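What follows is one structure encoded as C-alpha coordinates, with my remarks underneath.
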Protein chains: 2
Amino acid sequence: MVHTPSLQHRLPNEGAHIHAPWRSETAKQAIAQSEALCRAKGARLTPIRRRVLEVLLASPKPLGAYDLVDRLGSQGRRMAPITVYRALDFLIEHGLAHRLASRNAYLASSDVSTGRQTTAFLICESCGEATEITSPAVADTVLKVLKEQGYQPRARALEITGRCAGCQDIH
Amino acid sequence: MVHTPSLQHRLPNEGAHIHAPWRSETAKQAIAQSEALCRAKGARLTPIRRRVLEVLLASPKPLGAYDLVDRLGSQGRRMAPITVYRALDFLIEHGLAHRLASRNAYLASSDVSTGRQTTAFLICESCGEATEITSPAVADTVLKVLKEQGYQPRARALEITGRCAGCQDIH
DNA sequence: CCCAAATATGTAGTGATATAACCTATACGA
DNA sequence: TCGTATAGGTTATATCACTACATATTTGGG
(Lines give C-alpha, C1' and ligand atoms only; values in the text may rest on other atoms or scores of the structure.)
Protein backbone atom coordinates (compact mmCIF):
# COMPACT_ATOMS: atom_id res chain seq x y z
CA MET A 1 0.00 0.00 0.00
CA VAL A 2 1.34 3.35 -0.92
CA HIS A 3 0.65 6.44 1.12
CA THR A 4 0.84 9.77 -0.59
CA PRO A 5 -1.65 11.90 1.28
CA SER A 6 -0.34 15.17 0.00
CA LEU A 7 -1.12 14.18 -3.52
CA GLN A 8 -4.13 12.03 -2.99
CA HIS A 9 -6.38 13.89 -0.67
CA ARG A 10 -6.90 16.67 -3.13
CA LEU A 11 -8.53 14.40 -5.59
CA PRO A 12 -11.44 12.00 -5.63
CA ASN A 13 -10.82 8.41 -6.65
CA GLU A 14 -7.24 8.63 -5.52
CA GLY A 15 -6.77 11.29 -8.10
CA ALA A 16 -7.39 9.35 -11.25
CA HIS A 17 -8.67 11.75 -13.87
CA ILE A 18 -10.39 10.78 -17.03
CA HIS A 19 -11.04 12.87 -20.08
CA ALA A 20 -13.20 12.80 -23.16
CA PRO A 21 -11.26 14.62 -25.84
CA TRP A 22 -13.21 13.25 -28.78
CA ARG A 23 -16.19 15.43 -27.95
CA SER A 24 -15.97 18.39 -30.26
CA GLU A 25 -15.90 21.16 -27.65
CA THR A 26 -13.24 19.35 -25.72
CA ALA A 27 -11.28 18.70 -28.88
CA LYS A 28 -11.38 22.38 -29.83
CA GLN A 29 -10.09 23.23 -26.42
CA ALA A 30 -7.34 20.66 -26.79
CA ILE A 31 -6.29 22.13 -30.13
CA ALA A 32 -6.22 25.59 -28.62
CA GLN A 33 -4.11 24.37 -25.73
CA SER A 34 -1.79 22.56 -28.10
CA GLU A 35 -1.34 25.66 -30.20
CA ALA A 36 -0.56 27.71 -27.14
CA LEU A 37 1.92 25.13 -25.93
CA CYS A 38 3.68 24.98 -29.26
CA ARG A 39 3.87 28.72 -29.53
CA ALA A 40 5.39 28.88 -26.09
CA LYS A 41 7.99 26.29 -26.99
CA GLY A 42 8.73 27.60 -30.44
CA ALA A 43 7.50 24.33 -31.91
CA ARG A 44 5.69 24.44 -35.21
CA LEU A 45 2.25 22.91 -35.23
CA THR A 46 2.03 22.82 -39.00
CA PRO A 47 -1.16 22.08 -40.93
CA ILE A 48 -0.24 18.42 -41.37
CA ARG A 49 0.59 17.93 -37.73
CA ARG A 50 -2.52 19.79 -36.74
CA ARG A 51 -4.70 17.65 -38.97
CA VAL A 52 -3.19 14.48 -37.56
CA LEU A 53 -3.85 15.73 -34.06
CA GLU A 54 -7.41 16.65 -35.00
CA VAL A 55 -8.10 13.20 -36.37
CA LEU A 56 -6.69 11.61 -33.25
CA LEU A 57 -8.79 13.89 -31.07
CA ALA A 58 -11.87 13.02 -33.08
CA SER A 59 -11.50 9.32 -32.41
CA PRO A 60 -12.66 7.69 -29.19
CA LYS A 61 -10.30 4.82 -29.91
CA PRO A 62 -6.59 4.69 -30.61
CA LEU A 63 -5.81 4.71 -34.31
CA GLY A 64 -3.15 2.84 -36.20
CA ALA A 65 -0.77 4.82 -38.36
CA TYR A 66 -2.39 3.48 -41.50
CA ASP A 67 -5.86 4.26 -40.17
CA LEU A 68 -4.64 7.80 -39.98
CA VAL A 69 -3.33 7.59 -43.53
CA ASP A 70 -6.78 6.52 -44.67
CA ARG A 71 -8.68 9.17 -42.76
CA LEU A 72 -6.34 11.97 -43.72
CA GLY A 73 -6.38 11.04 -47.38
CA SER A 74 -10.14 10.79 -47.78
CA GLN A 75 -10.17 14.27 -49.24
CA GLY A 76 -7.54 14.77 -51.88
CA ARG A 77 -4.39 12.79 -52.40
CA ARG A 78 -3.36 9.98 -50.10
CA MET A 79 -0.71 10.91 -47.61
CA ALA A 80 2.45 8.81 -47.45
CA PRO A 81 2.82 6.70 -44.30
CA ILE A 82 6.13 8.31 -43.48
CA THR A 83 4.43 11.69 -43.40
CA VAL A 84 2.01 10.48 -40.79
CA TYR A 85 4.80 8.88 -38.78
CA ARG A 86 6.72 12.12 -38.84
CA ALA A 87 3.72 14.05 -37.63
CA LEU A 88 3.19 11.46 -34.90
CA ASP A 89 6.83 11.76 -33.86
CA PHE A 90 6.37 15.47 -33.46
CA LEU A 91 3.14 15.15 -31.49
CA ILE A 92 4.56 12.49 -29.20
CA GLU A 93 7.77 14.40 -28.64
CA HIS A 94 5.80 17.40 -27.49
CA GLY A 95 3.41 15.42 -25.33
CA LEU A 96 0.41 16.00 -27.56
CA ALA A 97 -0.07 12.35 -28.41
CA HIS A 98 0.87 8.94 -27.13
CA ARG A 99 1.76 5.64 -28.69
CA LEU A 100 0.16 2.50 -27.33
CA ALA A 101 2.84 -0.06 -27.92
CA SER A 102 0.64 -2.97 -27.00
CA ARG A 103 -1.71 -2.09 -29.84
CA ASN A 104 0.51 -0.36 -32.36
CA ALA A 105 -1.85 2.55 -32.10
CA TYR A 106 -1.78 6.25 -31.35
CA LEU A 107 -4.07 8.58 -29.50
CA ALA A 108 -4.23 12.22 -28.61
CA SER A 109 -3.06 13.26 -25.22
CA SER A 110 -6.22 14.18 -23.40
CA ASP A 111 -4.64 16.64 -21.09
CA VAL A 112 -1.81 18.59 -22.63
CA SER A 113 -1.10 20.42 -19.40
CA THR A 114 0.16 17.28 -17.68
CA GLY A 115 3.01 17.28 -20.13
CA ARG A 116 5.23 14.21 -19.98
CA GLN A 117 4.42 13.05 -16.49
CA THR A 118 3.78 9.39 -15.90
CA THR A 119 0.36 8.69 -17.28
CA ALA A 120 -1.44 5.41 -17.51
CA PHE A 121 -3.78 4.00 -20.09
CA LEU A 122 -6.53 1.57 -19.30
CA ILE A 123 -7.06 -0.38 -22.47
CA CYS A 124 -10.09 -2.57 -22.97
CA GLU A 125 -8.99 -5.81 -24.53
CA SER A 126 -12.46 -6.30 -25.95
CA CYS A 127 -13.51 -3.02 -27.56
CA GLY A 128 -10.08 -1.45 -27.74
CA GLU A 129 -11.05 1.80 -26.14
CA ALA A 130 -8.33 3.46 -24.14
CA THR A 131 -8.79 5.73 -21.15
CA GLU A 132 -5.96 7.99 -20.23
CA ILE A 133 -5.60 8.62 -16.55
CA THR A 134 -3.11 10.43 -14.40
CA SER A 135 -2.98 8.67 -11.09
CA PRO A 136 -0.57 9.88 -8.44
CA ALA A 137 -0.90 6.53 -6.72
CA VAL A 138 0.28 4.67 -9.81
CA ALA A 139 2.98 7.20 -10.54
CA ASP A 140 4.31 7.08 -7.01
CA THR A 141 4.34 3.31 -6.88
CA VAL A 142 6.10 3.03 -10.19
CA LEU A 143 8.67 5.59 -9.19
CA LYS A 144 9.32 3.78 -5.97
CA VAL A 145 9.86 0.47 -7.73
CA LEU A 146 12.19 2.03 -10.25
CA LYS A 147 14.21 3.60 -7.48
CA GLU A 148 14.43 0.34 -5.58
CA GLN A 149 15.91 -1.37 -8.59
CA GLY A 150 18.37 1.38 -9.26
CA TYR A 151 16.55 2.60 -12.33
CA GLN A 152 16.50 6.21 -13.30
CA PRO A 153 12.89 6.93 -14.14
CA ARG A 154 11.86 8.16 -17.56
CA ALA A 155 8.37 9.52 -17.55
CA ARG A 156 6.56 7.15 -19.83
CA ALA A 157 3.17 5.74 -20.40
CA LEU A 158 1.92 2.71 -18.57
CA GLU A 159 -0.45 0.42 -20.43
CA ILE A 160 -2.86 -1.50 -18.29
CA THR A 161 -5.11 -4.02 -19.93
CA GLY A 162 -8.51 -5.00 -18.68
CA ARG A 163 -12.09 -5.18 -19.73
CA CYS A 164 -14.10 -1.99 -19.57
CA ALA A 165 -17.46 -1.65 -17.87
CA GLY A 166 -19.35 -1.94 -21.14
CA CYS A 167 -17.63 -5.15 -22.17
CA GLN A 168 -17.92 -7.18 -18.98
CA ASP A 169 -20.49 -9.69 -20.20
CA ILE A 170 -19.47 -10.02 -23.79
CA HIS A 171 -17.84 -13.17 -25.07
CA MET B 1 24.72 -4.47 -16.82
CA VAL B 2 23.63 -7.68 -15.23
CA HIS B 3 22.82 -7.67 -11.58
CA THR B 4 23.26 -10.63 -9.35
CA PRO B 5 20.07 -11.57 -7.59
CA SER B 6 21.82 -12.22 -4.36
CA LEU B 7 22.52 -8.53 -4.08
CA GLN B 8 19.09 -7.36 -4.94
CA HIS B 9 16.49 -9.77 -3.82
CA ARG B 10 16.67 -8.71 -0.24
CA LEU B 11 16.35 -5.00 -0.74
CA PRO B 12 13.87 -3.30 1.57
CA ASN B 13 11.51 -2.82 -1.26
CA GLU B 14 7.97 -3.80 -0.46
CA GLY B 15 8.64 -7.30 -1.59
CA ALA B 16 9.56 -6.79 -5.21
CA HIS B 17 11.37 -9.90 -6.45
CA ILE B 18 13.75 -10.22 -9.32
CA HIS B 19 15.10 -13.29 -11.00
CA ALA B 20 17.98 -14.38 -13.18
CA PRO B 21 16.74 -17.21 -15.35
CA TRP B 22 19.51 -16.99 -17.93
CA ARG B 23 22.01 -18.60 -15.60
CA SER B 24 22.14 -22.21 -16.58
CA GLU B 25 21.22 -23.77 -13.25
CA THR B 26 18.30 -21.45 -12.92
CA ALA B 27 17.30 -22.14 -16.50
CA LYS B 28 17.34 -25.88 -15.92
CA GLN B 29 15.18 -25.41 -12.92
CA ALA B 30 12.81 -23.27 -14.93
CA ILE B 31 12.54 -25.93 -17.61
CA ALA B 32 11.81 -28.55 -15.00
CA GLN B 33 9.15 -26.36 -13.47
CA SER B 34 7.66 -25.67 -16.86
CA GLU B 35 7.50 -29.35 -17.67
CA ALA B 36 5.81 -30.08 -14.40
CA LEU B 37 3.34 -27.30 -14.94
CA CYS B 38 2.50 -28.50 -18.44
CA ARG B 39 2.09 -32.07 -17.30
CA ALA B 40 -0.27 -30.91 -14.58
CA LYS B 41 -2.34 -28.96 -17.06
CA GLY B 42 -2.25 -31.52 -19.82
CA ALA B 43 -0.46 -29.00 -22.03
CA ARG B 44 2.13 -30.36 -24.41
CA LEU B 45 5.58 -28.87 -24.11
CA THR B 46 6.75 -30.24 -27.44
CA PRO B 47 10.38 -30.21 -28.60
CA ILE B 48 9.91 -27.05 -30.61
CA ARG B 49 8.20 -25.21 -27.80
CA ARG B 50 10.78 -26.44 -25.39
CA ARG B 51 13.62 -25.27 -27.59
CA VAL B 52 12.06 -21.84 -27.94
CA LEU B 53 11.71 -21.65 -24.19
CA GLU B 54 15.30 -22.74 -23.71
CA VAL B 55 16.59 -20.07 -26.05
CA LEU B 56 14.56 -17.44 -24.25
CA LEU B 57 15.84 -18.65 -20.91
CA ALA B 58 19.39 -18.53 -22.17
CA SER B 59 19.15 -14.87 -23.08
CA PRO B 60 19.60 -12.10 -20.54
CA LYS B 61 17.71 -9.80 -22.88
CA PRO B 62 14.34 -10.05 -24.54
CA LEU B 63 14.55 -11.50 -28.04
CA GLY B 64 12.62 -10.56 -31.14
CA ALA B 65 10.73 -13.27 -32.95
CA TYR B 66 13.20 -13.20 -35.81
CA ASP B 67 16.13 -13.33 -33.41
CA LEU B 68 14.61 -16.57 -32.24
CA VAL B 69 14.28 -17.77 -35.81
CA ASP B 70 17.98 -17.13 -36.31
CA ARG B 71 19.11 -18.79 -33.12
CA LEU B 72 16.89 -21.81 -33.53
CA GLY B 73 17.91 -22.37 -37.11
CA SER B 74 21.64 -22.17 -36.58
CA GLN B 75 21.76 -25.95 -36.53
CA GLY B 76 19.84 -27.51 -39.36
CA ARG B 77 17.13 -25.94 -41.46
CA ARG B 78 15.79 -22.52 -40.74
CA MET B 79 12.52 -22.48 -38.88
CA ALA B 80 9.62 -20.55 -40.39
CA PRO B 81 8.61 -17.42 -38.50
CA ILE B 82 5.09 -18.69 -38.04
CA THR B 83 6.43 -21.73 -36.22
CA VAL B 84 8.21 -19.54 -33.72
CA TYR B 85 5.15 -17.37 -33.30
CA ARG B 86 3.03 -20.42 -32.64
CA ALA B 87 5.45 -21.65 -30.02
CA LEU B 88 5.49 -18.22 -28.44
CA ASP B 89 1.70 -18.16 -28.37
CA PHE B 90 1.74 -21.41 -26.48
CA LEU B 91 4.36 -20.28 -24.01
CA ILE B 92 2.63 -17.00 -23.36
CA GLU B 93 -0.76 -18.62 -22.99
CA HIS B 94 0.61 -20.90 -20.31
CA GLY B 95 2.51 -18.18 -18.49
CA LEU B 96 5.92 -19.50 -19.46
CA ALA B 97 6.88 -16.44 -21.46
CA HIS B 98 5.92 -12.82 -21.87
CA ARG B 99 5.72 -10.43 -24.74
CA LEU B 100 7.14 -6.96 -24.29
CA ALA B 101 4.88 -4.93 -26.51
CA SER B 102 6.97 -1.82 -26.23
CA ARG B 103 9.93 -3.65 -27.78
CA ASN B 104 8.29 -6.32 -29.93
CA ALA B 105 10.31 -8.80 -27.96
CA TYR B 106 9.79 -11.91 -25.93
CA LEU B 107 11.32 -13.30 -22.78
CA ALA B 108 10.94 -16.29 -20.57
CA SER B 109 8.88 -15.96 -17.48
CA SER B 110 11.39 -16.03 -14.69
CA ASP B 111 9.09 -17.47 -12.11
CA VAL B 112 6.62 -19.92 -13.51
CA SER B 113 4.99 -20.41 -10.14
CA THR B 114 3.57 -16.90 -10.12
CA GLY B 115 1.45 -17.92 -13.06
CA ARG B 116 -0.46 -15.11 -14.70
CA GLN B 117 -0.49 -12.68 -11.80
CA THR B 118 0.24 -9.07 -12.50
CA THR B 119 3.94 -8.82 -13.08
CA ALA B 120 5.95 -5.82 -14.07
CA PHE B 121 8.96 -5.40 -16.28
CA LEU B 122 11.54 -2.75 -15.79
CA ILE B 123 12.99 -2.14 -19.20
CA CYS B 124 16.17 -0.20 -19.70
CA GLU B 125 15.72 2.13 -22.63
CA SER B 126 19.45 2.18 -23.17
CA CYS B 127 20.67 -1.43 -23.04
CA GLY B 128 17.31 -3.09 -23.49
CA GLU B 129 17.63 -5.40 -20.55
CA ALA B 130 14.40 -6.27 -18.84
CA THR B 131 13.96 -7.17 -15.23
CA GLU B 132 10.84 -9.03 -14.29
CA ILE B 133 9.51 -8.20 -10.89
CA THR B 134 6.44 -9.13 -8.95
CA SER B 135 5.58 -6.21 -6.76
CA PRO B 136 2.51 -6.39 -4.55
CA ALA B 137 2.56 -2.61 -4.32
CA VAL B 138 2.32 -2.21 -8.07
CA ALA B 139 -0.24 -4.96 -8.40
CA ASP B 140 -2.45 -3.50 -5.70
CA THR B 141 -2.28 -0.01 -7.08
CA VAL B 142 -3.10 -1.15 -10.57
CA LEU B 143 -5.98 -3.26 -9.37
CA LYS B 144 -7.37 -0.36 -7.44
CA VAL B 145 -7.23 1.95 -10.43
CA LEU B 146 -8.88 -0.62 -12.65
CA LYS B 147 -11.65 -1.10 -10.13
CA GLU B 148 -12.23 2.63 -9.82
CA GLN B 149 -12.74 2.91 -13.54
CA GLY B 150 -15.07 -0.02 -13.72
CA TYR B 151 -12.55 -2.23 -15.43
CA GLN B 152 -12.43 -5.93 -14.86
CA PRO B 153 -8.77 -6.71 -14.36
CA ARG B 154 -6.98 -9.10 -16.65
CA ALA B 155 -3.69 -10.14 -15.18
CA ARG B 156 -1.21 -8.76 -17.64
CA ALA B 157 2.30 -7.51 -17.78
CA LEU B 158 3.16 -3.95 -16.98
CA GLU B 159 6.05 -2.41 -18.84
CA ILE B 160 7.92 0.30 -17.06
CA THR B 161 10.65 2.10 -18.89
CA GLY B 162 13.67 3.67 -17.31
CA ARG B 163 17.41 3.58 -17.36
CA CYS B 164 19.11 0.85 -15.42
CA ALA B 165 21.89 1.41 -12.92
CA GLY B 166 24.57 0.46 -15.42
CA CYS B 167 23.37 2.89 -18.05
CA GLN B 168 22.93 6.02 -15.98
CA ASP B 169 25.83 7.99 -17.36
CA ILE B 170 25.84 6.82 -20.93
CA HIS B 171 24.76 9.10 -23.72
C1' DC C 1 14.84 42.38 -48.57
C1' DC C 2 17.64 38.51 -49.69
C1' DC C 3 20.24 34.73 -48.75
C1' DA C 4 21.82 30.79 -46.00
C1' DA C 5 20.70 27.44 -42.62
C1' DA C 6 17.38 24.89 -40.48
C1' DT C 7 13.20 22.68 -40.65
C1' DA C 8 9.35 20.36 -43.00
C1' DT C 9 7.43 17.64 -46.63
C1' DG C 10 7.39 14.64 -51.02
C1' DT C 11 8.70 10.27 -53.20
C1' DA C 12 10.29 5.67 -53.74
C1' DG C 13 11.76 1.81 -51.77
C1' DT C 14 12.74 -1.42 -48.04
C1' DG C 15 13.12 -3.47 -43.43
C1' DA C 16 10.78 -5.54 -39.53
C1' DT C 17 6.99 -7.73 -37.37
C1' DA C 18 3.10 -10.78 -37.59
C1' DT C 19 -0.48 -13.63 -39.58
C1' DA C 20 -3.60 -16.20 -43.27
C1' DA C 21 -4.64 -20.24 -45.70
C1' DC C 22 -4.05 -24.69 -46.53
C1' DC C 23 -2.06 -29.09 -46.05
C1' DT C 24 0.42 -32.98 -43.64
C1' DA C 25 2.00 -35.37 -39.52
C1' DT C 26 1.64 -36.83 -34.96
C1' DA C 27 -0.45 -37.77 -30.41
C1' DC C 28 -4.26 -39.28 -27.63
C1' DG C 29 -8.46 -41.32 -26.17
C1' DA C 30 -12.52 -44.24 -27.17
C1' DT D 1 -6.72 -48.98 -34.45
C1' DC D 2 -9.33 -45.61 -35.97
C1' DG D 3 -10.99 -40.95 -35.66
C1' DT D 4 -10.43 -36.57 -33.82
C1' DA D 5 -7.80 -32.97 -32.06
C1' DT D 6 -3.61 -30.80 -31.91
C1' DA D 7 0.93 -29.60 -33.78
C1' DG D 8 3.81 -28.41 -37.42
C1' DG D 9 5.27 -27.44 -42.58
C1' DT D 10 4.90 -24.41 -46.64
C1' DT D 11 3.88 -20.46 -49.14
C1' DA D 12 2.33 -16.17 -49.41
C1' DT D 13 0.88 -11.89 -47.64
C1' DA D 14 -0.70 -8.42 -44.33
C1' DT D 15 0.75 -4.88 -41.26
C1' DC D 16 3.76 -1.60 -39.08
C1' DA D 17 7.76 1.43 -39.38
C1' DC D 18 11.64 3.61 -41.33
C1' DT D 19 15.87 4.91 -44.71
C1' DA D 20 17.60 7.73 -48.17
C1' DC D 21 17.39 11.40 -50.76
C1' DA D 22 15.15 15.27 -53.28
C1' DT D 23 12.32 19.42 -52.88
C1' DA D 24 9.92 23.06 -50.55
C1' DT D 25 9.13 26.15 -46.86
C1' DT D 26 10.19 28.82 -42.86
C1' DT D 27 13.22 31.60 -40.17
C1' DG D 28 16.79 34.52 -38.66
C1' DG D 29 21.04 37.24 -39.74
C1' DG D 30 23.26 40.49 -42.86
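Small disclaimer: the values here were computed from a predicted structure and weren't measured. Naming: A, B, ... by sequence-line order, numbering from 1 per chain. Excluded from the calculations below are hydrogen atoms, water molecules and symmetry mates; all remaining heavy atoms, backbone and side chain alike, are included.
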Atom-to-atom span, CG of A:L88 to P of D:dC16 - whole angstrom: 13 Å
Listed partners of A:R78 passing side-chain hydrogen bond (donor to acceptor under 3.5 Å, both in side chains), at least two apart: A:D70
Atom-pair distance (CG on A:D67; P on D:dA17), nearest Å: 11 Å
Distance in angstrom units between A:E93 CD and C:dA8 P, rounded: 9 Å
Closest heavy-atom pair and its distance - B:T26, B:P21: CG2-CA, 3.9 Å
Residue pair B:T134 / B:D111, side-chain heavy-atom distance below 4.5 Å: no
Atom of B:A101, atom of B:E159 and distance for their closest heavy-atom approach: N-OE2, 2.7 Å
Contact under 4.0 Å: A:T46 side-chain N or O vs D:dT25 OP1/OP2: no
Protein-nucleotide distance (A:I48, atom CD1; D:dT25, atom P), rounded to Å: 11 Å
side-chain N/O B:R49 vs D:dG8 OP1/OP2, d < 4.0 Å: yes
Linked, directly or transitively: A:I92 and A:L57 (ILVMFWY side chains, under 4.5 Å): yes
Contact summary for A:A157 and A:F121, nearest pair of heavy atoms: CB-CE1, 3.4 Å
Side-chain N or O of A:R77 closer than 4.0 Å to phosphate OP1/OP2 of C:dT11: yes
Distance, rounded to the nearest Å, where A:D70 contributes CG and D:dC16 contributes C1': 13 Å
For atom CG of B:L100 and atom P of C:dT17, their distance in whole Å: 13 Å
Nucleotide-resolved protein contact map, nucleotides 18-30 of chain C, B/S/- at heavy-atom distance under 4.0 Å: BBB------S---
Side-chain touch B:L88/B:L68, heavy atoms, less than 4.5 angstrom: yes
Spacing of A:L63 atom CG relative to D:dC16 atom P, expressed in whole Å: 11 Å
Whole-Å distance separating the NZ atom of A:K41 from the C1' atom of C:dT7: 16 Å
